[in-house]
Protein chains: 2
Amino acid sequence: MKTISRKDEIVKVAATLFRKRGYSAITMRDIASEMDIKAASLYNHISGKQEILADIILEVAQEFTTGMNQVISQQSSTLKKLENLIELHIDITLNHSEALASLNNDWMHLEGDNLNAFINMRDEYEDNFRELIKIGIEVNEIRSAHPEVILFSILSTLRTLHLWYEKRGKLDVNVLKKDMVSVLLKGIM
Amino acid sequence: MKTISRKDEIVKVAATLFRKRGYSAITMRDIASEMDIKAASLYNHISGKQEILADIILEVAQEFTTGMNQVISQQSSTLKKLENLIELHIDITLNHSEALASLNNDWMHLEGDNLNAFINMRDEYEDNFRELIKIGIEVNEIRSAHPEVILFSILSTLRTLHLWYEKRGKLDVNVLKKDMVSVLLKGIM
DNA sequence: GTCTATAGGATGATAGAC
DNA sequence: GTCTATCATCCTATAGAC
């Protein structure tokens, strides 16, 4: 029974616009115009432009944090956990493809507590990912070579998935997961 | 005998600011302030903000185009060519790390002919990369699997190299090249 | 090559009517 | 929940003095 509030609608429209031209280039008038109302009317539902950005970014960041915590608490091999992380990124990309552009490119325009919350979640996520790879090397599930380069390579690919998904059109989720796991993990085993 | 003109100085300062907060968020006053002059003085050297952005992005895009043309005209194996492309990205990243942020995130703010020129170069670059991978699969130098996913994975990593390089601090060029080639190509051979 | 002054318009946000 | 009207500020860019 999920009713879409007017605020949700604003955030969704804004995310689509932010993806194309970025937070700073989009005006409150742009967002309002896309909804066929006037800019002043937006303020009946949100406190300002900053709240929209925080809503877009922090919700997805929270999903990544929750997903990561689930994965690392599992009783399974490192490779299986990495596989689950790849699938986590794909699932979130399909469900929030507009928001990921803001998360990647506009997070620095968050202010105050919003900015701190985001940076903390992102750093923690990266640390967990790094630790996972290091453990994988220790237990010989991953070839002992360049852990930092492996981390960077996998994360770069996963973080820009939304660009590719947007461009290549809708692909079958399960095929996509299988292919990504194959290409990203075959080289490091 | 390369003298740095006042214009070059403006472009360089702007690129550093654009990297941190994006083209749209940076004002002419910000750029001028960073140079300890007034915004109006900038217009004695450049025609406007747009020219600065075009200067930053198109110079690097041209370097990628030139580099790609050299690589594909070589008489060597596909894997050797891919290796050279990885080294090309690393060399350009080290020489123009500030410009790469604008190239990745602010190219859509180019206007008119500048925008067309950029899109043409980028598409051609991608097509060449794609063709190289397909040929590699045909001649059995690359494992016949998911050419599109391989292309995306390698390109994503190379295109975000500047983020990593900025964060990890200065690394030895040759070590970096060796590690990147190893991690990016081991999985597809 | 830089300055002051300013044009001309856009921007985020508020007040108050309906 | 949306509107009109408006404020105070900021923006790119130009004109003309030094």
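Chain A is the first sequence line, chain B the second, and so forth, proteins listed ahead of strands; every chain is numbered from 1. Remember, it's a predicted structure, so these values are computed and weren't measured experimentally.
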query = Near DNA chain D, which residues from residues 28-44 of chain A have a heavy atom under 4.0 Å away?
reply = A:I37, A:K38, A:A40, A:S41, A:N44
key: Heavy-atom check, side chain of A:I154 versus side chain of A:F129, under 4.5 Å   = yes
query = To the nearest Å, how far apart are B:E9 CD and C:dT2 P?
reply = 9 Å
task = Looking at every strand, decide which applies to B:I52 at a 4.0 Å heavy-atom threshold: base, sugar-phosphate, or nothing.
result = nothing
task = For the helix from C:dG1-D:dC18 to C:dC18-D:dG1, figure out the bend between the end axes, five pairs an end, and round to 10 degrees.
result = 10°
message = For a quick test of reading the model, state the closest non-hydrogen atom pair linking A:L42 to A:M28 and the distance between them.
response = CD1-O, 3.4 Å
Interatomic distance where CD belongs to B:Q50 and C1' belongs to D:dC11 [whole Å] = 16 Å
request  = Provide, to the nearest angstrom, the distance between the CD1 atom belonging to A:I26 and the P atom belonging to C:dA10.
outcome  = 15 Å
request  = Decide whether A:N69 and A:T66 meet the rule of one side-chain donor and one side-chain acceptor closer than 3.5 Å.
outcome  = no
query = Who pairs with B:E9 by side chain to side chain donor-acceptor pair (under 3.5 Å), at least two apart in sequence or on another chain?
reply = B:R6
inquiry  = Can you see whether A:T27 engages A:D30 through a side-chain donor-acceptor pair at a distance of less than 3.5 angstrom?
reply    = yes
message = Suppose we screen for ring-ring contact (aromatic ring centres under 6.0 Å, His included). Which residues come up paired with B:Y165, at least two apart in sequence or across chains?
response = none
key: Any residue meeting ring-ring contact (aromatic ring centres under 6.0 Å, His included) with A:F64, in chain and number order, not counting sequence neighbours   = A:H89, A:Y125
request  = Please list, chain by chain and in numerical order, all residues satisfying ring-ring contact (aromatic ring centres under 6.0 Å, His included) with A:F118, sequence neighbours excluded.
outcome  = A:W107
request  = Using whole Å, report how far CD of A:E51 lies from P of C:dA13.
outcome  = 11 Å
